[in-house]
Asks: 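This is the structure I have questions about; it appears just below.
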Amino acid sequence: MSEPPRYRPEVIEPKWQELWAREHTWEVSNDAQAGDEKSYVLEMLPYPSGEPHIGHLKNYALGDAIAHFHRRTGRRVLHPMGYDAFGLPAENNAIKTGVHPREATERSIASYRHWFHRWGISIDWSRELATDQPSYYRWTQWIFLKLFERGLAYRKQAAVKWCPTDQTVLANEQVIDGHCERCGSKVELRQLEQWFFRITDYADRLLDDLDQIEWPEHVKTMQRNWIGRSYGAEVIFRCEELGIDYPVFTTRPDTLCGATFFVMAPEHPDVFRLAAGTEYEREVHEYVNAVATESSEQRGDLEKPKTGVPLGRSVTNPINGERIPMFVADYVLMEYGTGAIMAVPAHDQRDFEFAQAFGLPIRPVVAPQSGEAPEDQAFLPHSENERLINSGQFSGMNAAEGTDAIIEWLDREGRGHASVSYKLRDWLVSRQRYWGCPIPIVYCEGCGMVPLPEDALPVELPEVNDYQPKGRSPLATAEDWVNTRCPKCGGRARRETDTMDTFVDSSWYFLRYCDARNDEAAWDPAVLRRWMPVDQYIGGVEHAILHLMYARFFVKALADMELLDVQEPFAALFTQGMILGPDGNKMSSSKGNVIMPNPIVERSGADAARTYILFLGPADQDAAWSDEGVGGVHRFLARLYRLGEELSGQQGPAEQPPAAQGPDEALVRKANWAIDKVTSDLADRFAFNTAIAAIMELVNEIYRHADASPAARRFATATAASLVFPFAPHLGAEVYELLTGRRVWEEVWPAADPAMLQADTFELVLQVNGKVRGRVRAPTGASREELERLALEAHGVQAQLDGRQVVKVVVVPDKLVNVVLQ
RNA sequence: GCCCGGGUAGGCAAACUGGCAAAGCCAGCGCGCUUAAAACGCGCUGCUCGCAAGAGCACUGCGGGUUCGAGUCCCGCCCCGGGUACCA
């Protein structure tokens with residue numbers, strides 16, 4: 001007795017994986033062919049640590065579905081893979097275990113590579129890269145030198161965020177709520193000389209060009225807020241006693257006459273000098289020191305009452321010559337604006353609180369049209385019809401006119417000008433850590449700071465024995481490496497021992513994929529023209545600010561150097577939601593709710609795991625994992641497989657049979673409906689879950705129509721296999737081959753037959769006063785009059801009429817009729 | 001506080017443009033196949049009446065509104081998740 005055919009992914013999947021590997025099916029060349037359209041589909045490259053987790057499976061299953069869909073709709077698809085291989089976890093592991101970060105990283109990369117194959121992701125492996133390879137970071141260093149040449153990479157002494165656990169500085173973007181993004185330690189401030197990239201030069205372009213790209217609105221909003229552009233004016237206040245000018249930035253120049261005091265940040269370099277010799281000198285020192293020990297959380301607490309100390313000095317308001325007292329207070333931040341503010345308590349909540357605490361005058365200068373100064377909510381945002389009061393020659397102007405007039409006056413008097421301020425800070429890129437890209441700079445005793453010439457690249461990471469960070473880079477211990485010759489004068493020089501932030505490595509990898517094996521240059525600009533920009537980028541929303549902003553900055557800077565000619569790296573972005581644990585919480589080992597993908601792949605197959613993860617819910621939303629659900633998708637794939645097996649024994653074509661009737665017609669219609677549905681779900685809206693549901697419906701329909709002709713069933717089954725291919729490529733290929741003998745990935749994506757999408761009749765919905773009271777079949781395309789007649793005749797409607805007056809009949813052609821009574 | 005998401009059967013979800021609320025999957029129940037179970041196939045699964053065809057009612061976090069018609073639009077609120085925060 002022979003076993004009935006059974007769906008066996010463990011047999012089918014390796015079979016196709018081997019074929020794709022043997023034939024290099026997913027590799028594309030850089031040679032353009034006439035009339036072929038390119039598509040660059042890219043998922044964010046993984047950081048290789050341990051083995052891939054469930055989020056990776058979702059990310060790459062999603063990207064792969066898009067890559068396959070693009071290929072089969074006539075585009076030449078670049079779909080590469082690489083590894084973001086430098087970084088702290090491997091280094092921290094090295095400190096703990098003594099295993100070289102390279103070794104741990106390579107082991108992990110091998111695991112990722114294995115699983116990407118095992119999952120059947122259609123990757124062009126000929127372009128594989130890892131950012132820790134000298135053949136890659138050589139060009140990271142080259143880009144650093146290019147930025148240095150243009151003055152976009154520079155060193156400066158600054159108060160920087162320091163992570164005491166990781167013993168390294170952090171970029172602003174890597175500090176979350178005052179804590180290290182990586183390890184969660186409280187971040188400290190330190191005065192250090194560090195390397196920066198001048199991303200602030202690009203603030204306007206980074207902001208304005210967001211309008212040109214197809215990104216989710218919330219991601220654009222996050223970037224806009226992070227860049228934080230505000231328009232206003234710089235106003236110069238003069239401290240007469242010391243003869244020093246202090247500029248401030250304000251978004252409300254119209255309230256200038258309402259400034260009743262002046263506040264400096266505790267970090268402002270002039271604070272001690274101002275207080276020197278005044279009665280407040282000691283108190284100021286105590287206050288500033290106390291603030292310095294405050295955590296950023298404590299300081300940022302909005303509930304905390306305002307504190308501060310007078311400086312014993314005054315400044316003059318340029319517009320009315322009024323002398324107002326100076327204070328130092330921790331609610332003013334050194335990092336934004338000029339580190340000093342004019343305080344307008346009548347129109348600013350914080351200044352108001354401070355004025356109340358210190359008994360300072362509050363003078364309204366903007367009032368509603370009616371004229372009277374409002375009582376207490378005067379600091380609320382101003383509206384259209386407000387006018388200036390108590391403002392000398394400017395009184396009576398509306399707020400907008402007043403703003404312009406005051407700026408103009410300041411300009412004329414040389415006491416200020418229109419100005420724009422940003423929250424964005426320059427990107428701090430140096431790290432005092434081992435496992436990163438060395439910075440190609442030396443310090444010569446004679447020449448000072450000297451960039452290495454291009455032919456000295458790569459500067460390879462030296463081997464060290466001790467990775468333990470001690471406040472300086474572990475590279476500093478590699479004496480043989482550190483001591484070198486100056487490329488300019490040949491004299492004694494020392495290498496830069498800091499390494500680069502790993503976000504530098506990942507800010508250009510998508511460029512390298514285009515020309516990954518080029519060892520003459522980072523890339524050939526002609527090849528970049530072929531592939532860039534990335535047509536569809538896919539990744540987690542957690543990179544909305546960091547990676548996605550840095551990469552945009554790199555591309556703009558490189559474009560300015562004429563090294564490439566796009567302005568934006570990622571034309572379209574899709575941010576996938578997280579997979580949560582079965583309990584609905586974020587997966588974490590401490591909660592014990594971590595699901596690993598690979599046992600599932602081994603149990604149910606890669607196709608089931610991939611399809612299920614996309615079927616869980618809308619791909620851009622978070623979704624909780626449930627183990628039972630996989631079984632359902634596995635069953636669906638098995639049902640499709642059994643149809644393929646059963647029908648492969650029957651002869652005949654798998655094309656749409658002509659003039660289908662009865663059950664055949666229903667089946668052919670359903671197949672065409674599914675083609676249409678899956679196509680629009682994939683092309684227009686990344687609705688993988690509903691696309692998969694449509695294929696399930698088609699398969700259910702084939703089972704229900706066992707009475708249909710073999711030709712119709714073969715057609716419907718081959719269609720289902722073709723449509724399921726982007727999600728379950730192995731099964732799709734298998735079933736399609738069983739029925740047609742052909743390779744599904746070489747087939748053009750099916751097109752729905754328009755004649756089979758439109759039926760001759762439809763179900764007309766009958767409503768009375770908006771409530772459904774019946775349904776009748778009506779001919780498609782029937783006139784309004786005819787539909788109205790059908791509705792009024794229907795007994796469901798007649799029953800409601802009951803002698804009541806018909807007020808109105810609303811007809812929606814091919815859909816419904818609503819009869820309005822009384 | 002501010003800015004985004006989200007709240008629909010027992011669970012996950014669908015309804016894209018204001019037009020039949022709940023497609024599909026899970027779980028549950030029943031039937032068939034089977035000596036039996038699993039697997040597989042078919043059906044049911046908001047409430048009430050009915051053997052049934054069917055009929056009636058309710059319903060998209062809460063309260064209002066606009067509309068012939070609201071899950072969808074507007075106003076006010078509640079809950080959950082994320083981002084951000086003395087940014088002058």
Side-chain angles (χ1 to χ4, degrees), chain A residues 4 6 176-177 216-222 224-226 228-230 232 248-252 255 263 299-304 306 329-333 335-344 347-351 353-354 421-424 541-542 544-545 577-578 580 584-586 612 615-618 620-633 635-636 638-639 642 677 680-681 684-685 687 689-697 699-700 703-704 706 763-775 796 799 807-812 815-821:
Chain A
R6 194 160 62 85
I176 314 287
D177 275 340
E217 219 31 65
H218 68 277
V219 175
K220 292 189 186 182
T221 303
M222 281 198 227
R224 285 193 189 105
N225 292 341
W226 188 262
R229 178 166 66 192
S230 3
V248 300
F249 174 76
T250 176
T251 52
R252 294 289 307 274
T255 64
V263 191
R299 182 165 170 182
D301 182 7
L302 282 168
E303 304 303 307
K304 179 188 83 162
K306 292 279 176 286
D330 67 352
Y331 80 92
V332 174
L333 308 174
E335 350 25 304
Y336 184 75
T338 62
I341 61 153
M342 65 177 213
V344 184
H347 304 287
D348 181 278
Q349 173 83 55
R350 298 150 300 175
D351 298 344
E353 286 166 15
F354 190 85
S421 190
Y422 303 87
K423 285 192 228 174
L424 185 68
V541 73
E542 64 274 17
I545 295 170
M578 254 184 312
L580 306 172
N585 292 307
K586 204 168 159 168
Y612 176 60
F615 181 65
L616 260 178
D620 60 343
Q621 271 172 45
D622 294 350
W625 181 267
S626 118
D627 265 327
E628 289 79 47
V630 193
V633 170
R635 261 194 294 282
F636 152 65
R639 273 158 72 82
R642 284 197 305 273
K677 172 80 179 146
S680 61
D681 280 355
D684 310 334
R685 47 188 216 123
N689 54 334
T690 52
I692 293 163
I695 308 169
M696 288 173 168
E697 282 194 57
V699 168
N700 291 344
Y703 272 84
R704 256 181 247 124
E763 193 163 70
L764 178 69
V765 174
L766 307 173
Q767 293 185 337
V768 175
N769 287 339
K771 270 191 197 294
V772 178
R773 294 297 177 183
R775 299 179 179 87
V807 179
K808 188 176 172 184
V809 180
V810 180
V811 180
V812 182
K815 238 177 212 149
L816 66 75
V817 175
N818 186 13
V819 179
V820 186
L821 297 181

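Side chains included, hydrogens not; waters and symmetry mates left out as well; all remaining heavy atoms used. Treat the numbers as computed from the prediction; the structure is a model and nothing was measured.
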Asks: Round to a whole Å and report the spacing from CG of A:L580 to P of B:rG11.
Replies: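 Between P of B:rG11 and CG of A:L580: 17 Å.
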Asks: Checking contacts here: which listed nucleotide (B:rC26, B:rG24, B:rC20) is nearest the side-chain heavy atoms of A:E628?
Replies: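 Of the candidates, B:rC26 comes closest.
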Asks: Provide the distance between the two C1' atoms, one in B:rC51 and one in B:rC57, to the nearest whole Å.
Replies: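 Approximately 22 Å lies between the C1' atom of B:rC51 and that of B:rC57.
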Asks: Answer with base, sugar-phosphate or nothing: what part of the nucleic acid does A:D684 contact at a heavy-atom distance below 4.0 Å?
Replies: nothing
Asks: Atom NE2 of A:H218 and atom C1' of B:rG82: how far apart are they, to the nearest Å?
Replies: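 Interatomic distance, NE2 of A:H218 to C1' of B:rG82: 9 Å.
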Asks: Of the nucleotides B:rC20, B:rA88, B:rC16, which has the atom closest to the A:R685 side chain?
Replies: B:rC16
Asks: Can a side chain N or O of A:N689 be found less than 4.0 Å away from OP1 or OP2 on B:rC12?
Replies: no
Asks: Which of the following nucleotides, B:rG83, B:rC87, B:rA14, is nearest to the side chain of A:R350?
Replies: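 Within the option list, the nearest is B:rC87.
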Asks: Between A:L616 (CG) and B:rC26 (P), how many Å, whole number?
Replies: 13 Å
Asks: Is any side-chain heavy atom of A:V219 closer than 4.5 Å to a side-chain heavy atom of A:V541?
Replies: yes
Asks: Give me the distance, rounded to whole Å, that separates B:rC20 from B:rG30 when you measure between the P atoms they each carry.
Replies: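 So the two P atoms sit 35 Å from each other.
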Asks: When rounded to the nearest 0.5 angstrom, what distance separates CZ in A:F636 from CD1 in A:I692?
Replies: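 Going from the CZ atom of A:F636 to the CD1 atom of A:I692 covers 7.5 Å.
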Asks: Please determine whether salt bridge (charged side-chain N to carboxylate O under 4.0 Å, His left out) holds for the pair A:R685 and A:D620, giving the CA-CA distance in whole Å, both sets of side-chain angles, and the decisive distance to 0.1 Å.
Replies: CA-CA 10 Å; A:R685 47 188 216 123; A:D620 60 343; over 6 Å; no
Asks: Per the atom types in the model, does the base of B:rC20 pair as donor or acceptor with the side chain of A:K815 at under 3.5 Å?
Replies: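 No.
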Asks: Using the 3.5 Å cut-off, write out each protein N or O paired with an N or O of nucleotides 65-70 of chain B and the distance between them.
Replies:
{"unit_1": "B:rC68", "atom_1": "O2'", "unit_2": "A:N818", "atom_2": "ND2", "d": "3.2"}
{"unit_1": "B:rC68", "atom_1": "O2", "unit_2": "A:N818", "atom_2": "ND2", "d": "2.5"}

Asks: Within this structure, what is the CG-CZ distance for the pair A:D348 and A:F354, rounded to the nearest 0.5 Å?
Replies: 12.5 Å
Asks: Map A:A687 and A:K423 onto RNA chain B by nearest heavy atom, then report which one ends up closer to the 5' terminus.
Replies: A:A687
Asks: Taking the six-membered ring of A:Y331, is NZ or CZ of A:K306 closer than 6.0 Å to its centre and within 45° of its axis?
Replies: yes
Asks: Starting at atom CG of A:L764, determine the distance to atom C1' of B:rG19, rounded to an integer number of angstrom.
Replies: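 A:L764 atom CG is separated from B:rG19 atom C1' by 12 Å.
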Asks: For A:T221, report the nucleic acid contact type (base, sugar-phosphate, nothing); a contact means any heavy atom under 4.0 Å.
Replies: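 Sugar-phosphate contact only.
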Asks: Checking side-chain contact (heavy atoms from CB on, under 4.5 Å) for the pair A:L821/A:V807: CA distance, chi angles, key distance, verdict?
Replies: CA-CA 5 Å; A:L821 297 181; A:V807 179; 5.7 Å; no
Asks: Does OP1 or OP2 of B:rC57 have a side-chain N or O of A:R773 closer than 4.0 Å?
Replies: yes
Asks: Counting side-chain heavy atoms from CB outward, which of B:rA88, B:rC20, B:rC25 is closest to A:Y336?
Replies: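 Ranking B:rA88, B:rC20, B:rC25 by closest atom to the A:Y336 side chain puts B:rA88 first.
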Asks: Need one value for A:K306: base, sugar-phosphate or nothing, where a base atom within 4.0 Å counts as base even if backbone is also close, heavy atoms only.
Replies: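 Base contact - A:K306 has a heavy atom under 4.0 Å of at least one base atom.
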Asks: Looking across every strand, which nucleic acid part, if any, lies under 4.0 Å from A:L333 by heavy atom: base, sugar-phosphate, or nothing?
Replies: base
Asks: Within this structure, what is the NE2-OG1 distance for the pair A:H347 and A:T250, rounded to the nearest 0.5 Å?
Replies: 11.0 Å
Asks: If I compare all heavy atoms of A:L616 with all of A:A624, which pair ends up nearest, and what's the gap?
Replies: CD2-O, 3.6 Å
Asks: When we call it a touch if two heavy atoms are under 4.0 Å apart, what does A:R635 touch: a base, just sugar-phosphate, or nothing?
Replies: sugar-phosphate
Asks: Taking 4.0 Å as the cut-off, does a side-chain nitrogen or oxygen of A:S230 come that near to OP1 or OP2 on B:rA88?
Replies: yes
Asks: Above 12 or not: heavy atoms from other molecules or residues under 6.0 Å from NZ of A:K304?
Replies: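 Yes.
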Asks: First locate atom CG of A:N585, then atom CG of A:D622, and finally report the distance between them rounded to the nearest 0.5 Å.
Replies: 11.5 Å
Asks: Mind calculating the distance between OH (A:Y612) and P (B:rC26) to the nearest angstrom?
Replies: 10 Å
Asks: Write down the protein N/O and nucleotide N/O pairs, taken from nucleotides 42-48 of chain B, whose separation is under 3.5 Å; answer none if there are no such pairs.
Replies:
none

Asks: Roughly how far, to the nearest 0.5 Å, is the CG atom of A:L333 from the CD atom of A:E335?
Replies: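 With rounding to 0.5 Å, CD (A:E335) is 5.0 Å from CG (A:L333).
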Asks: Taking atom P of B:rA85 as reference, at what distance in whole Å does atom CD of A:Q349 sit?
Replies: 19 Å
Asks: Using the P atom on both, measure B:rC49 against B:rA14 and round to a whole Å.
Replies: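 Per the computed distance, 34 Å lies between those P atoms.
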Asks: Start with the C-alpha gap between A:W625 and A:V630, add the side-chain angles, then the distance that decides, and say whether side-chain contact (heavy atoms from CB on, under 4.5 Å) holds.
Replies: CA-CA 9 Å; A:W625 181 267; A:V630 193; 3.6 Å; yes
Asks: For atom C1', what is the distance between B:rA13 and B:rG71, given to the nearest Å?
Replies: 14 Å
Asks: Any base atoms under 4.0 Å from A:V541, or only sugar-phosphate, or nothing? Heavy atoms, all strands.
Replies: nothing
Asks: Taking A:Y703 for its side chain and A:R639 for its backbone only, find out whether a donor-acceptor pair lies under 3.5 Å.
Replies: yes
Asks: For atom C1', what is the distance between B:rG46 and B:rA22, given to the nearest Å?
Replies: 11 Å
Asks: Using the P atom as the point on both nucleotides, what is the distance between B:rG19 and B:rC74, in whole Å?
Replies: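 It works out to 15 Å between them.
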Asks: Between B:rG83 and A:K220, is there an OP1 or OP2 to side-chain N/O distance shorter than 4.0 Å?
Replies: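 Checking A:K220 against B:rG83: no side-chain N or O falls below 4.0 Å of OP1 or OP2.
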Asks: Strictly below 4.0 Å, N to O, side chains only: are A:R704 and A:E697 in salt-bridge contact?
Replies: no
Asks: Atom CD of A:Q621 and atom P of B:rU8: how far apart are they, to the nearest Å?
Replies: 11 Å
Asks: How far, in whole Å, is B:rA9 from B:rC29 if one measures between their C1' atoms?
Replies: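 Rounded to whole Å, the distance is 16 Å.
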Asks: Select from A:R642 and A:V332 the residue whose nearest nucleotide in RNA chain B is closer to the 5' end of that strand.
Replies: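 Looking at RNA chain B, the more 5' nearest nucleotide goes with A:R642.
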Asks: Using the P atoms only, state how far B:rG5 lies from B:rC59, rounded to an integer number of Å.
Replies: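 So the two P atoms sit 29 Å from each other.
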Asks: Checking all strands, does A:K677 fall into the base, sugar-phosphate, or nothing category for heavy-atom contacts under 4.0 angstrom?
Replies: base
Asks: Just the rounded figure in Å: distance from P of B:rA13 to CG of A:D620.
Replies: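 Going from CG in A:D620 over to P in B:rA13 covers 12 Å.
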Asks: With pairs defined as Watson-Crick or G-U wobble and both distances under 3.5 angstrom, please note down RNA chain B as a dot-bracket string, | for pairing with another strand.
Replies: (((((((..(((......[....))).(((((.......))))).((((....))))...(((((..]....))))))))))))....
Asks: Determine whether A:R224 and A:E217 satisfy the following criterion, salt bridge (charged side-chain N to carboxylate O under 4.0 Å, His left out), listing intermediate values before the conclusion.
Replies: CA-CA 10 Å; A:R224 285 193 189 105; A:E217 219 31 65; 3.4 Å; yes
